[in-house]
Every structure is written in C-alpha cells, then in structure tokens.
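Notes to accompany the following structure.
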Amino acid sequence: MISVKNIFKDFHKTEVLKGVSIDVEKGEKIALIGPSGSGKSTLLRCMNLLEQVKYGEVWLDGRLLTPVDPYLHPDIIAKSKTFAKLCPEPGNAELKAEVISKIKKEDLLKKHEGAEFHSAVRRYLKENRLNANLARRSMGMVFQQFNLFNNMNVLKNMVFAPVKLKIMTKEQAEEKALKLLDRIGLPDKKYAFPSSLSGGQKQRIAIARSLMMNPEVMLFDEPTSALDPEMVGEVLGLIKELADEGMTMVIVTHEMAFARECATRVMFMDGGKILEEGAPDDIFGSPKNERLKEFLSKVL
C-alpha cells in the first residue's frame, strides 16, 4: 500500500532521516517507537507529503507521490552526462554497474545532466505520478495537537473538507458526521466549539474528522502525547477499534503496552534510521539491537 524507498531528510543541514525504507501492506498496523528526535514524526510527515524528502521516493498503491529520485533508477542514471563521462564503455555491464554505484555512493549527479536524462525523469514521472491532493484523500492524518478549527463547531469541523473538495454534498457529509459522532460517543457535542472540549474529546473528534474522507490508511503522530493520563485510554480505545476492524495504520507512539497489543509490526528508530523491526513479541520480548535494549530498559 505505502512504500517508502531510501528517504533522506534534513533541516538546516541536520540530517533527520538517513535512508529509511519501509513497506506498509494493506491491513497492517505498524507502530514506530524510539526516543524523541529519532525521526519518527518526520517519517510520518514525509509519507503524507507534509515534508518534502531530500532523496528517496514515497509510493501509494503503486503510484509515485514524490519527485523522481534518479539514484533509485540505474536506467535513468545511465542517461546522464556524468555517467557518459565516467563510463567510456556503456556496453560493458560490469563497468556500467561500477560507475552507477560510484555515482550513487558519491552523489555525483548535477543539476544539469543533459536533455536525455531530464527527458527520462519527466517520462517516468508522467507514467507513475499520483497527484498529492488525491493521495491525501487516501491517507488520514491525526496530529498531537488535534488541529481542529477553533472558529467552527464540531459538526462544521467534520463536514468542511469533504464538502469543500466536493466529495459529498453538505447533507451527505452531515449525515456521515452524525453517525461518526455517535460511534465515538459524542453525539451531544455536534454544536460545541473546540474550546469547550476536553483533550480526549478533541482527539476523538480529530480522528472522526479524518474518517470522514474514507481513508485507506490512517497515520497517527503521537495521538496521546498532549492528553492528561486519564484521557489516554479513551483515545487508544478508539484507535484499537479501528485496528480491530482492519484499518491500515502507522502510529508513532510512546505507549509501549498499546504498541505490543495492537501492532502487527513494530519498528524501532534512533538517529534517523530503523535499527530493528519485527513482531511485537520479538521486539519487546527478545530485542537484538543494543540501543533498543537500552531504550526498552528505560521505558518499560
């Protein structure tokens, strides 16, 4: 469903992601764990195109969401001026492979690599690209800080996007919103404004708002980190319901018990890399990476 291929991301020359690759299959529940600053939230934001990757690609259902990264495509590299300069015998398969490896390893591609190279990039993009706005309709995103519109009541918060994007009529959207509010136990809050709600109520409504778009996958960025301890359970309970119903999801969380119970796969990140991944019982019961062992000894 989602394929992240060797993505790099930096902020002001500080590397945050260093060659991260993951594949999320339909129906999977992936928990991203790790210390603060390890790149978990940035990875999630790159998946949803809220951050632009420096290198690498993100794919959704076999369609490319990001610009083409020529370093992932040897056939495109082979059309560059740099390749032509370094490989006098392009018919020599062994030499060709060595030159392409050198170009990738030493980041030798320049801004202008000739008409043939740029034509190949444009052609590949045209054949595989998915519009970012269409992609975002398929990926619901829930943030730490709720991000509800404070000048709109709950019902208007929920119907705004599907009506604005002409996915539903106002009547259809309101009908769906009322059903979702009933499902999350907040039917009486439809005319309430966010300022009058508790943190747990806001987050449940933020989740319901994402569900209004009928997403194929849900991305949760530490959805309980801004909540008081007594409110955490009600939000995790809703997420668990979605997981039990088969929703594909990737969740950044510090709730280790929740990750162990609900995830089908757990990934441990530190220093901008995935250091270990596996089934929850393996990650929490018999971790192999020393940094993961150290992390779990402090949080469990």
Side-chain angles (χ1 to χ4, degrees), residues 2-24 30-60 63-74 76-77 80-83 86 100-113 117-118 120-122 124-125 128-133 135-136 139 141-145 147 217 219-223 225-226 250-254 266-277 289-292 294-295:
I2 300 178
S3 184
V4 174
K5 300 182 179 181
N6 198 42
I7 64 172
F8 288 76
K9 174 67 181 176
D10 59 30
F11 294 105
H12 307 294
K13 298 184 179 180
T14 298
E15 284 191 310
V16 180
L17 296 176
K18 305 173 183 178
V20 175
S21 297
I22 68 172
D23 289 307
V24 182
I30 294 179
L32 296 175
I33 65 171
S36 297
S38 59
K40 307 183 300 299
S41 293
T42 300
L43 173 57
L44 214 64
R45 294 174 68 86
C46 286
M47 285 184 186
N48 200 37
L49 308 180
L50 295 175
E51 297 289 351
Q52 184 175 351
V53 303
K54 182 178 182 181
Y55 297 115
E57 295 175 349
V58 179
W59 293 70
L60 174 67
R63 302 294 298 278
L64 180 61
L65 306 185
T66 54
V68 177
D69 180 357
Y71 287 110
L72 295 177
H73 306 282
I76 293 178
I77 292 177
S80 67
K81 287 183 176 180
T82 298
F83 175 82
L86 296 176
I100 288 175
S101 178
K102 176 182 175 67
I103 291 173
K104 291 170 69 175
K105 184 176 181 180
E106 300 181 20
D107 189 13
L108 297 180
L109 291 178
K110 301 177 177 62
K111 187 173 182 180
H112 301 289
E113 286 288 352
F117 171 85
H118 292 291
V121 170
R122 288 194 297 270
Y124 190 88
L125 187 63
N128 294 283
R129 187 69 183 268
L130 176 65
N131 179 274
N133 290 327
R136 289 194 182 102
M139 289 191 283
M141 182 85 176
V142 177
F143 302 88
Q144 300 176 34
Q145 298 296 335
N147 287 3
V217 58
L219 308 177
F220 294 95
D221 185 10
E222 297 188 43
S225 65
V250 183
I251 178 168
V252 173
T253 184
H254 291 295
V266 178
M267 296 183 174
F268 171 69
M269 292 188 67
D270 192 27
K273 297 181 179 181
I274 296 174
L275 300 186
E276 188 171 339
E277 64 176 281
N289 181 272
E290 292 300 320
R291 182 66 184 94
L292 173 56
E294 178 188 359
F295 173 76

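The minimum heavy-atom distance between K40 and M269, with the atom names listed, is CA-SD, 3.9 Å. Shown here for F268 and G34, the closest heavy-atom pair between the two residues is CE1-CA, 3.7 Å. A pairwise comparison of heavy atoms in D221 and Q144 identifies O-CG, 3.0 Å as the closest pair. Summarising the geometry of L60 relative to L130, their closest heavy-atom pair is CD2-CD2, 4.2 Å, with the distance given to 0.1 Å. Of all heavy-atom pairs spanning S80 and F117, the tightest one is CB-CD1, 3.7 Å. Here the shortest heavy-atom pairing between L44 and F220 reads CD2-O, 3.2 Å.
Here the CD1 atom belonging to I77 is positioned 10.0 Å from the OG1 atom belonging to T82, to the nearest 0.5 angstrom. Atom CG of L72 sits about 5.0 Å away from atom CD of E57, to the nearest 0.5 Å. If you take OG1 on T66 and CD on Q52, they are separated by 9.0 Å, rounding to the nearest 0.5 Å.
In this structure, the side chains of V53 and K9 stay at 4.5 Å or more apart for every pair of heavy atoms. Counting heavy atoms from C-beta on, the side chains of S41 and E222 come closer than 4.5 Å. Using a 4.5 Å heavy-atom cutoff, the side chains of L108 and L86 are in contact. A 4.5 Å side-chain heavy-atom check between C46 and V4 finds every atom pair outside the cut-off. In this structure the side chain of D69 never reaches within 4.5 angstrom of the side chain of F8, judged on heavy atoms.
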Show the atom names and distances, to 0.1 Å, of all donor-acceptor pairs under 3.5 Å that link a side chain in residues 11-22 to residues at least two apart or in another chain.
residue	atom	partner	partner atom	Å
S21	OG	N6	N	2.7

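Panel note: side chain N131, backbone N133; a donor-acceptor pair is recorded below 3.5 Å. Judged by distance alone, with hydrogens and angles left aside, the side-chain atoms of R136 form a donor-acceptor pair with the main-chain N or O of L49 at under 3.5 Å. Under the 3.5 Å distance criterion, the side-chain polar atoms of R129 are matched with a main-chain donor or acceptor of L65.
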Between L43 and V252, is a side-chain contact (heavy atoms from CB on, under 4.5 Å) present by the stated rule, with each step listed? CA-CA 10 Å; L43 173 57; V252 173; over 6 Å; no

Could you go through I2 and M139, starting from their C-alpha distance and side-chain angles, then the distance that decides it, and tell me whether this counts as side-chain contact (heavy atoms from CB on, under 4.5 Å)? CA-CA 10 Å; I2 300 178; M139 289 191 283; 3.9 Å; yes

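Below 30°, between 30° and 60°, or above 60°: for H73 and Y124 the angle between ring planes is between 30° and 60°, a tilted geometry. In this pair, Y71 and Y55 present their aromatic rings perpendicular. The plane angle is above 60°, beyond the 30 to 60° band.
Results of the side-chain contact (heavy atoms from CB on, under 4.5 Å) test with F295 over D270, I33, N289, L275 single out I33 as the only residue that passes.
By the 4.0 Å N-to-carboxylate-O rule, R291 lies close enough to E294 to be salt-bridged with it.
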